**Student:** 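Structure incoming, see below.
Every value quoted in this text rests on a predicted model; they were computed, and no experiment measured them.
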Amino acid sequence: MLRKFIVLVAALCSLGGCVSTSASTSGEPAAVPATQAPIGLFRATVPGLRAGEELYLPLRALRERFGLDVSTGPDGVVRAGYVADDTPLVKRHDPRGPWLHFAQVDVTTWRRISIGPDGIPLSTYDFGTFQYPVEVAQYGMENYSKWVTTGQESYRAKAETVARWLLEHQDDAGGWPVPFAYSYREGLAGELRAGWYSGMAQGIGAAFLAKMRARTGETRYGDAALRALRPLRTEVARGGVLRRFEDRFDWFEEYPTPTPTHVLNGHLFALIGVHDVGELTGDAAAKDMFRRGLATLDRMLPLYDLSSRTSYDLLHYTRTPATAPNPARWSYHSLHVTQLSALNAITGGRYRAIEQRWLGYLDGKALPGN
């Protein structure tokens with residue numbers, strides 16, 4: 001495939017000049033002058049160079065035409081790929097240990113994020129600045145993971161700040177209301193009024209608090225973790241985040257919009273969070289929620305596979321009239337792989353084949369045609 005060829009290009013040069021080599025009669029490589037050679041790349045023509053039998057593409061064609069990240073490493077080698085860094089893979093999942101790859105995460109570097117004077121992340125949008133429970137919970141999980149990894153008290157202090165915020169802002173239904181209205185994909189799935197819950201915030205927040213209970217011994221954290229599961233057991237029509245795909249498979253909606261979105265990364269975060277709550281508290285209901293969630297993935301994971309990358313959501317399946325699939329950005333596709341690796345560590349490899357196939361997509365290994 002042409003895409004595979006592009007990804008595996010070993011020699012790239014600028015349009016300013018290029019040299020190819022071939023054997024000369026003296027045994028020394030002979031310089032071959034480069035000439036301009038326009039290259040038809042699908043339906044676009046890009047400037048290129050020909051040097052002998054070799055054709056060379058400019059780096060910007062890889063960036064613009066294929067969405068590749070192109071960079072030069074400290075060794076001087078130019079590398080092109082769909083993501084700049086290796087995808088983190090979870091080999092062992094300990095509910096008491098760092099969460100997934102979060103010991104390497106830095107929430108403060110994310111787009112829109114700043115840390116407020118109270119130590120809680122602020123998320124700034126074009127319609128305002130808010131404390132968004134999804135990102136607050138992730139900031140807590142980052143600092144918990146760094147605390148248990150390094151033992152540094154500065155991370156403990158930040159984690160405890162987030163834990164106190166979650167206790168103070170949890171409502172009577174066990175949720176953390178999102179303080180702004182939201183229109184998912186410009187309204188394709190309908191509108192969310194301020195005060196909605198996110199399954200992703202509930203799952204990560206619950207797991208974070210259960211971890212803090214196990215680490216500090218403070219029972220109030222464990223109690224709040226169990227309360228946080230209530231919206232995950234409450235159907236969207238009743239104000240929660242639970243949907244039943246095909247009327248029988250439990251799904252935790254990151255965005256509980258009128259039209260189901262089934263955002264994959266949000267559900268996977270919530271499901272792994274539910275697992276940790278069950279393991280750390282012994283709660284039978286949480287353990288049953290996790291078992292049901294795995295049965296859901298058995299049915300639904302194949303629906304996200306677009307043969308060369310994953311879909312971010314299933315709106316193309318749930319919406320009438322139908323919309324085009326929403327391919328995940330490569331950073332989100334990489335996250336899907338990380339999340340599956342964690343589930344494989346938990347289940348003993350239940351989704352190993354899917355993890356490996358999706359990991360291959362990051363190397364340009366699309367599924368073959370029929």
**Student:** Is any side-chain heavy atom of Asp250 less than 4.5 Å from a side-chain heavy atom of Leu242?
**Tutor:**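 In short, these two side chains touch, coming nearer than 4.5 Å.
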**Student:** For the residue pair Asp276 / Trp99, report whether a side-chain donor-acceptor contact shorter than 3.5 Å exists.
**Tutor:**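 Side chains of Trp99 and Asp276: pair found under 3.5 Å.
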**Student:** Measuring from Gln104:CD to Lys146:NZ, what's the distance to the nearest 0.5 Å?
**Tutor:** 8.5 Å
**Student:** May I ask you to test the Leu264-Gln339 pair for a side-chain heavy-atom distance under 4.5 Å?
**Tutor:** no
**Student:** Quick one: OH on Tyr132 to CZ on Phe180, what's the gap to the nearest 0.5 Å?
**Tutor:**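 Those atoms lie 5.0 Å apart.
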**Student:** Do Trp147 and Glu153 make a side-chain contact, defined as non-hydrogen atoms from C-beta onward lying under 4.5 Å apart?
**Tutor:** yes
**Student:** Using a cut-off of 6.0 Å, state whether more than 12 heavy atoms not belonging to Arg50 lie near its atom CZ.
**Tutor:**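 No, CZ of Arg50 has 12 or fewer neighbouring heavy atoms, counting only those of other groups under 6.0 Å.
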**Student:** Write down the atom of Thr338, the atom of Pro88, and the distance for their closest heavy-atom approach.
**Tutor:**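 In this case the closest contact between Thr338 and Pro88 is OG1-O, 2.7 Å.
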**Student:** Which pair of heavy atoms, one from Ser198 and one from Val134, lies closest together, and at what distance?
**Tutor:** OG-CG2, 3.4 Å
**Student:** How long is the span from the CG atom in Leu100 to the CZ atom in Phe269, to the nearest 0.5 Å?
**Tutor:** 6.5 Å
**Student:** Kindly check if the number of other-residue, nucleotide or ligand heavy atoms within 6.0 Å of CG (Asp75) is above 12?
**Tutor:**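 Yes, CG of Asp75 has more than 12 neighbouring heavy atoms, counting only those of other groups under 6.0 Å.
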**Student:** Assess the side chains of Trp165 and Gln131: does a donor N or O sit below 3.5 Å from an acceptor N or O?
**Tutor:**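 Judged by distance alone, the side chains do pair up.
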**Student:** Please say which of Thr259, Thr257, Asp313 ends up in a side chain to side chain donor-acceptor pair (under 3.5 Å) with Tyr184.
**Tutor:** Asp313
**Student:** In the single-linkage hydrophobic clustering (I, L, V, M, F, W, Y; side-chain heavy atoms under 4.5 Å), do Phe42 and Leu68 co-cluster?
**Tutor:** yes
**Student:** Could you verify whether a donor N or O on one side chain and an acceptor N or O on the other, from Thr310 and His336, lie under 3.5 Å apart?
**Tutor:**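 His336 and Thr310 do have a side-chain donor-acceptor pair below 3.5 Å.
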**Student:** Give a yes or no answer on whether the side chain of Lys211 reaches the backbone of Pro95 with a donor-acceptor pair at less than 3.5 Å.
**Tutor:**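 Yes; at least one donor-acceptor contact below 3.5 Å.
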**Student:** Is Val90 reachable from Val337 through a run of I, L, V, M, F, W or Y residues, each pair having side-chain heavy atoms under 4.5 Å apart?
**Tutor:**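 Yes, Val337 and Val90 fall within the same hydrophobic cluster.
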**Student:** About how many Å separate OH of Tyr351 and CG of Leu340, when rounded to the nearest 0.5 Å?
**Tutor:**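 Those atoms lie 8.5 Å apart.
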**Student:** Got Arg215 and Tyr221 here, is their nearest side-chain heavy-atom distance under 4.5 Å?
**Tutor:** no
**Student:** When you measure from the side chain of Trp176 to the backbone N and O of Leu166, does any donor-acceptor pair fall under 3.5 Å?
**Tutor:**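 Confirmed, Trp176 side chain pairs with Leu166 backbone.
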**Student:** Transitively linked via ILVMFWY side-chain contacts under 4.5 Å: Tyr139 with Tyr155?
**Tutor:** yes
**Student:** Show the atom names and distances, to 0.1 Å, of all donor-acceptor pairs under 3.5 Å that link a side chain in residues 223-231 to residues at least two apart or in another chain.
**Tutor:**
from: Arg227; atom 1: NE; to: Gln170; atom 2: OE1; distance (Å): 3.2
from: Arg227; atom 1: NH2; to: Gln170; atom 2: OE1; distance (Å): 3.1
from: Arg230; atom 1: NH1; to: Asp172; atom 2: O; distance (Å): 3.3

**Student:** Check for a donor-acceptor pair, side chain of Ser334 on one end and backbone N or O of Trp330 on the other, with a separation under 3.5 Å.
**Tutor:**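 It does not hold such a pair.
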**Student:** Return the OG to CD distance between Ser341 and Gln356, rounded to the nearest 0.5 Å.
**Tutor:** 10.0 Å
**Student:** Would you say that Thr261 contacts Arg185 through its side chain, given a criterion of any heavy-atom pair below 4.5 Å between the two side chains?
**Tutor:**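 No, side chains not in contact.
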**Student:** Under the criterion side-chain contact (heavy atoms from CB on, under 4.5 Å), I'd like the reasoning laid out for Arg357 against Lys365: C-alpha separation, chi angles, the key distance, then a yes or no.
**Tutor:** CA-CA 8 Å; Arg357 184 164 70 247; Lys365 298 175 182 177; over 6 Å; no
**Student:** Any side-chain donor paired with an acceptor under 3.5 Å for Glu191 and Ser183?
**Tutor:** yes
**Student:** Looking at every heavy atom in both Gly293 and Leu271, which two are closest together, and how far apart are they?
**Tutor:** CA-CD1, 3.7 Å
**Student:** Do Tyr255 and Tyr332 belong to the same hydrophobic cluster, where Ile, Leu, Val, Met, Phe, Trp and Tyr are linked whenever their side-chain heavy atoms lie under 4.5 Å apart, directly or via other members?
**Tutor:**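 Linked within one cluster.
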**Student:** Using a 4.5 Å cut-off on heavy atoms from C-beta on, say whether the side chain of Met141 contacts that of Val105.
**Tutor:** no
**Student:** Can you confirm whether the side chains of Asp363 and Tyr82 place a donor and an acceptor under 3.5 Å from each other?
**Tutor:** no
**Student:** Short question: side chain of Glu254, backbone of Val263 - any donor-acceptor pair under 3.5 Å?
**Tutor:**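 Between the backbone of Val263 and the side chain of Glu254 there is no qualifying donor-acceptor contact (under 3.5 Å).
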**Student:** Is there side-chain contact between His101 and Leu335, with at least one heavy-atom pair below 4.5 Å?
**Tutor:** yes
**Student:** Between Glu253 (side chain only) and His262 (backbone N and O only), is there a donor and an acceptor less than 3.5 Å apart?
**Tutor:** yes
**Student:** I'd like to know whether Glu135 forms a side-chain contact (heavy atoms from CB on, under 4.5 Å) with Arg112, so could you lay out the CA-CA distance, the side-chain angles of the two residues, the decisive distance to 0.1 Å, and finally the verdict.
**Tutor:** CA-CA 10 Å; Glu135 289 167 341; Arg112 300 190 307 262; 3.2 Å; yes
**Student:** Hey, what do you get for CG (Leu314) to CE (Met300), rounding to the nearest 0.5 Å?
**Tutor:** 5.0 Å
**Student:** Testing Phe252, Trp251, Tyr317 for ring pair (Phe, Tyr, Trp, His ring centres under 6.0 Å) with Phe245, which one passes?
**Tutor:** Tyr317
**Student:** Which heavy atom of His316 sits nearest a heavy atom of Leu303, and at what distance?
**Tutor:** NE2-O, 4.4 Å
**Student:** I'd like to know whether CZ of Arg96 has more than 12 heavy-atom contacts from other residues, nucleotides or ligands below 6.0 angstrom.
**Tutor:**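 Open: at most 12 neighbouring heavy atoms sit under 6.0 Å from CZ of Arg96.
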**Student:** Please report the C-alpha distance between Thr219 and Arg213 in whole Å, then the side-chain angles of each, then the deciding distance to 0.1 Å, and finally whether the side-chain contact (heavy atoms from CB on, under 4.5 Å) criterion is met.
**Tutor:** CA-CA 6 Å; Thr219 57; Arg213 162 66 177 85; 3.8 Å; yes
**Student:** Would you call Leu306 and Tyr361 a side-chain contact if the rule is heavy atoms closer than 4.5 Å?
**Tutor:** no
**Student:** Check whether Phe102 and Met200 end up in the same hydrophobic cluster, where Ile, Leu, Val, Met, Phe, Trp and Tyr are linked by side-chain heavy atoms less than 4.5 Å apart.
**Tutor:**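 As far as the 4.5 Å side-chain criterion goes, Met200 and Phe102 are connected within one cluster.
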**Student:** Locate the shortest heavy-atom distance separating Pro260 from Thr318; write the atom from each residue and the value.
**Tutor:**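 Shortest heavy-atom separation between Pro260 and Thr318 comes out as O-OG1, 2.6 Å.
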**Student:** Which class fits the ring pair Trp358 and His333: parallel under 30°, tilted 30 to 60°, perpendicular over 60°?
**Tutor:**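 Answer is tilted, since the angle falls between 30° and 60°.
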**Student:** Passes side-chain contact (heavy atoms from CB on, under 4.5 Å), Asn143 versus Val162? Steps please.
**Tutor:** CA-CA 9 Å; Asn143 284 287; Val162 173; 5.6 Å; no
**Student:** Is Asp288 salt-bridged to Arg291, going by a charged N under 4.0 Å from an acidic O?
**Tutor:**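 Answer for the salt bridge query: yes.
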**Student:** What is the minimum heavy-atom distance between Glu355 and Leu89, and which atoms define it?
**Tutor:**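 For Glu355 versus Leu89, the nearest heavy atoms are OE2-CD2, 3.8 Å.
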